[in-house]
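Before any comments, here is the structure.
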Amino acid sequence: KNDFIRLARFHLGDISQRELADQLGCTTQTLHFAESGKREAKPMILLAIECLLRRADKWPKISYFCPFFAVFRVHLDLVAN
């Protein structure tokens, strides 16, 4: 299960998978499979989501005290690989 995508949808205004897929230029099925964990999310999708969050000024100022730190840390590790 990809909590990063689910949290990103929430932080972008609790948008649907369809709305996020439209913004990313991918299919709803691709996003659904990535979010549900049926397929691994492609790094390009994760980077595009990060970009949307930054543009919306919703990217967290990451600190070790942030409750979502672990989720975003996983995202950063995925993008780095």
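Side chains are part of it too, since the values below use all heavy atoms of this structure and drop only hydrogens, waters and symmetry mates. Residues take their numbers from the sequence shown, with the count starting at 1.
- Atom CG of Asn2 is separated from atom NZ of Lys38 by 14.5 Å, given to the nearest 0.5 angstrom.
- One finds the CE atom of Met44 at 11.5 Å from the SG atom of Cys51 (value rounded to the nearest 0.5 Å).
- Closest approach of Leu12 and Leu20 over heavy atoms only: CD1-CD1, 4.1 Å.
- Listed here is the closest heavy atom pair of Phe4 and Glu50: CZ-N, 4.4 Å.
- Looking at residues two or more places apart in sequence or on another chain, you find a salt bridge (charged side-chain N to carboxylate O under 4.0 Å, His left out) between Arg6 and Asp3.
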Tabulate below the donor-acceptor pairs under 3.5 Å that side-chain atoms of residues 28-36 make, not counting sequence neighbours, or state none.
unit_1	atom_1	unit_2	atom_2	d
Thr30	OG1	Thr27	OG1	2.7
Glu35	OE1	Arg9	NE	3.0
Glu35	OE1	Gln17	NE2	3.1
Glu35	OE2	Arg9	NH2	3.0
Ser36	OG	His32	O	2.9
Ser36	OG	Phe33	O	3.4

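- In terms of the side-chain contact (heavy atoms from CB on, under 4.5 Å) criterion, residue partners of Ala48 (sequence neighbours excluded) are, by chain and number, Leu24.
- Taking CD1 of Ile49 as the start and CH2 of Trp59 as the end, the distance is 10.0 Å to the nearest 0.5 Å.
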